[in-house]
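What follows is one structure encoded as structure tokens, with my remarks underneath.
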Amino acid sequence: MKIASFNINGIKARIGALGDWLQAAAPDLVVLQEIKTVDENFPAAHFEDMGYNLAVHGQKSFNGVAILSKLPLEDVTRGLPGDDADEQARYIEATVVGDHAVRIAGLYLPNGNPAPGPKYDYKLAWMERLRLRAADLLALEMPVVMLGDFNIIPQPRDAAEPAEWVKDALFLPDSRAAFRRIAAQGWTDALRDADPFGRRGPFTFWDFQGGAWRRDNGIRIDHLMLSPQAADLVTSSGVDREVRAGEKPSDHVPVWVDLAA
DNA sequence: ATGGTAGAGCTTCTA
């Protein structure tokens with residue numbers, strides 16, 4: 001079961017690039033972030049025609065997440081628990097059943113800039129809510145994949161130029177500590193685990209500005225976090241870096257993990 | 001300190 005995450009930065013602008021990648025990579029399931037539209041305006045038929053079932057949790061103009069899955073989506077829940085007043089569409093869960101039942105948690109973690117400030121406070125509060133939900137997911141003692149755009153650079157090696165990020169909400173000590181606190185519950189960072197002693201990267205995001213892609217000035221902020229029961233099923237994982245060089249690309253590229261599930 | 005680019009949707013915000 002090939003499970004992927006892709007921050008597409010606007011579904012309307014990315015129908016072509018997303019469709020091309022789906023054809024080439026053929027994931028069984030992909031969680032999308034930054035669809036930037038309401039549920040009714042998601043181009044559902046286009047992806048249903050490609051054989052995908054849909055669960056959408058959208059919002060006008062900003063944020064918005066979705067799941068495309070070749071297997072039926074069961075027990076879909078929308079929104080991160082812990083704050084009924086939070087109206088930002090950043091979190092969705094579902095279960096898919098192949099050889100094993102796998103719980104999927106797709107997320108778009110707040111950016112948090114500028115820091116300090118209210119947006120950074122929201123980021124840290126959101127991460128505390130995620131920590132609580134992540135603990136409940138581990139307690140299920142089943143294969144769980146918690147994946148998406150975490151907007152966290154975990155370590156200096158996850159940036160081409162870490163010095164450029166020292167005052168950024170993606171790399172501040174409090175952000176990294178909050179991510180570490182969740183990871184230390186028992187999650188496996190699939191891309192890190194695949195290359196534990198690599199010197200840099202693999203990167204998953206290159207800014208549209210400043211020729212970041214041309215200079216390979218990237219960061220690793222899209223993560224695949226695996227429960228122990230999911231980690232035991234991994235057969236391969238990767239980053240589809242070449243997508244960033246395509247026509248009308250997102251600033252992120254797809255990340256994926258293949259499970260014997 | 002600023003602006004560089006991109007998307008959505010509207011003349012600005014978010015990233």
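Just so you know, these numbers come straight off a predicted model, no measurement behind them. Letters go in sequence order (proteins before strands), and every chain restarts at 1.
Nearest-nucleotide positions on DNA chain B for A/Val38 and A/Glu34 put A/Val38 closer to the 5' end. Both A/Phe208 and A/Lys36 lie close to DNA chain B; mapped to their nearest nucleotides by heavy-atom distance, the more 5′-ward contact belongs to A/Phe208.
Remark: P of B/dA15 and CG of A/Asp168 are 12 Å apart, rounded to the nearest angstrom. If you measure from atom CG of A/Asp207 to atom C1' of B/dA15, you get 8 Å, rounded to the nearest angstrom. Distance A/Phe205 CZ to B/dT5 P: 15 Å, rounded to the nearest Å. Rounded to a whole Å, the CD atom of A/Gln59 is 11 Å from the P atom of B/dG9. Atom pair A/Ile11:CD1 and B/dG9:C1' shows a separation of 17 Å (rounding to whole Å applied). One atom, CZ of A/Phe62, and another, C1' of B/dA15, lie 10 Å apart when rounded to the nearest Å. A/Gln33 places its CD atom 14 Å from the C1' atom of B/dA15, with the value rounded to the nearest Å. Distance CZ (A/Arg244) to P (B/dT5): 13 Å, rounded to an integer number of Å.
If you check the side chains of A/Thr204 and A/Arg220, you find no donor sitting under 3.5 Å from an acceptor. A donor-acceptor contact closer than 3.5 angstrom is absent between the side chains of A/Tyr120 and A/Asp174.
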| field | Check against side-chain hydrogen bond (donor to acceptor under 3.5 Å, both in side chains), A/Asp240 and A/Trp21 | value | CA-CA 9 Å; A/Asp240 289 343; A/Trp21 171 75; 2.8 Å; yes
| request: Check step by step if side-chain hydrogen bond (donor to acceptor under 3.5 Å, both in side chains) holds for A/Asn217 and A/Glu164. | output: CA-CA 10 Å; A/Asn217 184 12; A/Glu164 294 181 2; 3.1 Å; yes
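Rounded to whole Å, the separation between the P atoms of B/dC10 and B/dT14 comes to 15 Å. Between the C1' atoms of B/dA15 and B/dG4, the separation comes to 13 Å (whole Å). Going from the P atom of B/dA6 to that of B/dT2 covers 23 Å, rounded to whole Å. Spacing of P atoms, B/dC13 relative to B/dG3, comes out at 15 Å, to the nearest Å. Nucleotides B/dT5 and B/dG9 have their P atoms positioned 23 Å apart, rounded to a whole Å.
Across all strands, A/Arg90 comes closer than 4.0 Å only to sugar-phosphate atoms, never to a base (heavy-atom distances).
The only option from A/Leu73, A/Leu68, A/Leu71, A/Asn53 that meets the side chain to side chain contact (heavy atoms under 4.5 Å, CB included) definition with A/Leu29 turns out to be A/Leu73.
Side-chain proximity of A/Lys248 to the nucleotides B/dG7, B/dC10, B/dA15 is greatest for B/dG7. Taking every side-chain heavy atom of A/Lys60 into account, B/dC10 is the closest of B/dA15, B/dC10, B/dG7. Nearest to the side-chain atoms of A/Lys119 among the listed nucleotides B/dT14, B/dG7, B/dA6 stands B/dT14. Taking the side chain of A/Ser61 as heavy atoms from C-beta on, and the options B/dA15, B/dA8, B/dA6, the nearest nucleotide is B/dA8.
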